[in-house]
Amino acid sequence: MKKIITTQKAPAPIGPYNQAVLFGTTLYTSGQIALHPETMELVLDSIEIETKQVMDNLKAVLEAADMTFENVVKTTIFIMNMQDFAKINAVYGTFFNDATAPARETVQVACLPKNVNVEISMIAMK
């Protein structure tokens with residue numbers, strides 16, 4: 001059965017989608033960008049700060065589904081500039097244990113919503 005997951009601790013959707021969908025024991029998160037959940041303003045001070053906001057938003061969505069980053073089995077990272085990969089990866093890596101980190105792909109794209117530099121989505125399982 002499909003269950004919609006929402007939390008006020010992550011940004012409200014800016015289109016016709018939900019923050020996440022739980023289907024059985026699998027959680028599919030929508031891509032998160034660096035919107036601050038309280039102000040809905042972008043946090044773009046640096047690529048590191050932007051990435052941390054994205055990961056904090058994803059953490060809030062995971063918590064709303066009673067999960068943590070340990071439940072994440074797959075992530076997708078979309079970035080505007082592959083030159084930012086190392087900085088994004090350094091922040092992203094602080095949220096995972098290297099031994100149990102999820103599968104992942106990282107893709108450079110031409111444009112992201114609101115012209116942000118990074119967007120990340122996840123799949124997690126209970």
Side-chain angles (χ1 to χ4, degrees):
M1 183 163 109
K2 181 168 118 174
K3 178 182 178 186
I4 303 304
I5 303 297
T6 60
T7 178
Q8 292 183 349
K9 294 180 180 179
I14 57 175
Y17 61 90
N18 288 291
Q19 292 168 328
V21 174
L22 183 66
F23 189 82
T25 60
T26 305
L27 181 74
Y28 301 90
T29 74
S30 291
Q32 286 290 321
I33 61 175
L35 284 170
H36 191 281
E38 292 175 13
T39 65
M40 291 299 286
E41 296 291 325
L42 288 170
V43 179
L44 303 175
D45 300 330
S46 70
I47 193 65
E48 294 90 350
I49 291 170
E50 183 176 354
T51 304
K52 183 172 184 322
Q53 184 64 58
V54 170
M55 295 300 288
D56 287 344
N57 292 344
L58 287 162
K59 180 180 179 182
V61 173
L62 289 168
E63 288 174 349
D66 296 320
M67 294 190 194
T68 70
F69 286 106
E70 283 296 313
N71 295 99
V72 177
V73 297
K74 179 78 164 49
T75 65
T76 302
I77 302 175
F78 301 98
I79 61 176
M80 289 288 295
N81 184 346
M82 199 56 80
Q83 298 299 325
D84 290 332
F85 176 80
K87 292 176 183 177
I88 292 167
N89 197 50
V91 174
Y92 169 94
T94 66
F95 288 82
F96 294 101
N97 176 330
D98 285 351
T100 59
R104 176 183 86 184
E105 68 253 336
T106 303
V107 181
Q108 181 173 322
V109 295
C111 190
L112 288 167
K114 296 190 173 275
N115 294 312
V116 298
N117 300 296
V118 61
E119 179 176 2
I120 302 174
S121 65
M122 297 182 166
I123 299 172
M125 297 186 73
K126 285 190 177 187

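- Looking at Leu62 and Thr68, their side chains never come closer than 4.5 Å, going by heavy atoms from C-beta outward.
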Identify each donor-acceptor pair in which a side-chain atom of residues 84-93 lies under 3.5 Å from a protein atom, sequence neighbours left out, and give them as a table.
residue: Asn89; atom: OD1; partner: Arg104; partner atom: NH1; Å: 2.7
residue: Asn89; atom: OD1; partner: Arg104; partner atom: NH2; Å: 3.1
residue: Tyr92; atom: OH; partner: Thr75; partner atom: OG1; Å: 2.8

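- The heavy-atom pair separating Thr7 from Ala64 by the smallest distance is CB-CB, 3.8 Å.
- In this structure a side-chain-to-backbone donor-acceptor pair under 3.5 Å is present from Asn71 to Met125.
- Side-chain atoms of Gln19 do not come within 3.5 Å of backbone N or O of Thr29 as any donor-acceptor pair.
- Here Ile4 sits in one hydrophobic cluster together with Val21; the rule is ILVMFWY side chains under 4.5 Å apart, joined directly or through other members.
- Screening residues 27-48 for salt bridge (charged side-chain N to carboxylate O under 4.0 Å, His left out), with sequence neighbours left out, gives no hits.
- Glu63 meets the side-chain contact (heavy atoms from CB on, under 4.5 Å) test with Lys59; sequence neighbours excluded.
- For the pair Lys2 and Leu22, the minimum side-chain heavy-atom distance is 4.5 Å or more.
- Contacts of Asp56 classified as salt bridge (charged side-chain N to carboxylate O under 4.0 Å, His left out), with partners at least two apart in sequence or in another chain: Lys52.
- Rounded to the nearest 0.5 Å, atoms CD (Gln32) and CD1 (Ile120) are 10.0 Å apart.
- Side-chain heavy-atom separations under 4.5 angstrom define the hydrophobic clusters, and Met1 shares its cluster with no other residue.
- Using a 4.5 Å heavy-atom threshold, the side chains of Thr106 and Ile79 count as touching.
- Connection of Val118 to Phe96 is established within a shared hydrophobic cluster, with ILVMFWY side chains joined at heavy-atom distances below 4.5 Å, either directly or through further cluster members.
- Partners of Thr94 under the side-chain contact (heavy atoms from CB on, under 4.5 Å) rule, at least two apart in sequence or in another chain, do not exist in this structure.
- Nearest heavy-atom pair across Pro37 and Pro11 is CB-N, 3.7 Å.
- The ring pair (Phe, Tyr, Trp, His ring centres under 6.0 Å) pairs that include a residue from residues 18-48 number zero, where partners must be two or more places apart or lie in different chains.
- Linking Ile, Leu, Val, Met, Phe, Trp and Tyr residues whenever their side-chain heavy atoms come within less than 4.5 Å leaves Val61 and Val72 in two separate clusters.
- Within a 6.0 Å sphere centred on NZ of Lys74, heavy atoms belonging to other residues, nucleotides or ligands number more than 12.
- Grouped by direct or indirect side-chain proximity (heavy atoms under 4.5 Å, Ile/Leu/Val/Met/Phe/Trp/Tyr only), Tyr17 sits with Ile14, Ile33, Leu35, Met40, Leu42, Leu44, Phe78, Met80, Val107, Val109, Leu112, Val116.
- Residues satisfying the side-chain contact (heavy atoms from CB on, under 4.5 Å) criterion with Asn97, sequence neighbours excluded, are Glu70, Ala99, Thr100.
- Between Ala10 and Asn57 the shortest heavy-atom distance is CB-O, 3.7 Å.
- Between Pro102 and Met122 the shortest side-chain heavy-atom distance does not fall below 4.5 Å.
- Other residues sharing a hydrophobic cluster with Val43 under the 4.5 Å side-chain heavy-atom criterion for ILVMFWY residues are Ile49.
- Under the side-chain contact (heavy atoms from CB on, under 4.5 Å) criterion, Lys126 pairs with Thr25, Asp66, Met67, not counting sequence neighbours.
- No donor-acceptor pair under 3.5 Å is formed between the side chain of Ser121 and the backbone N or O of Ser30.
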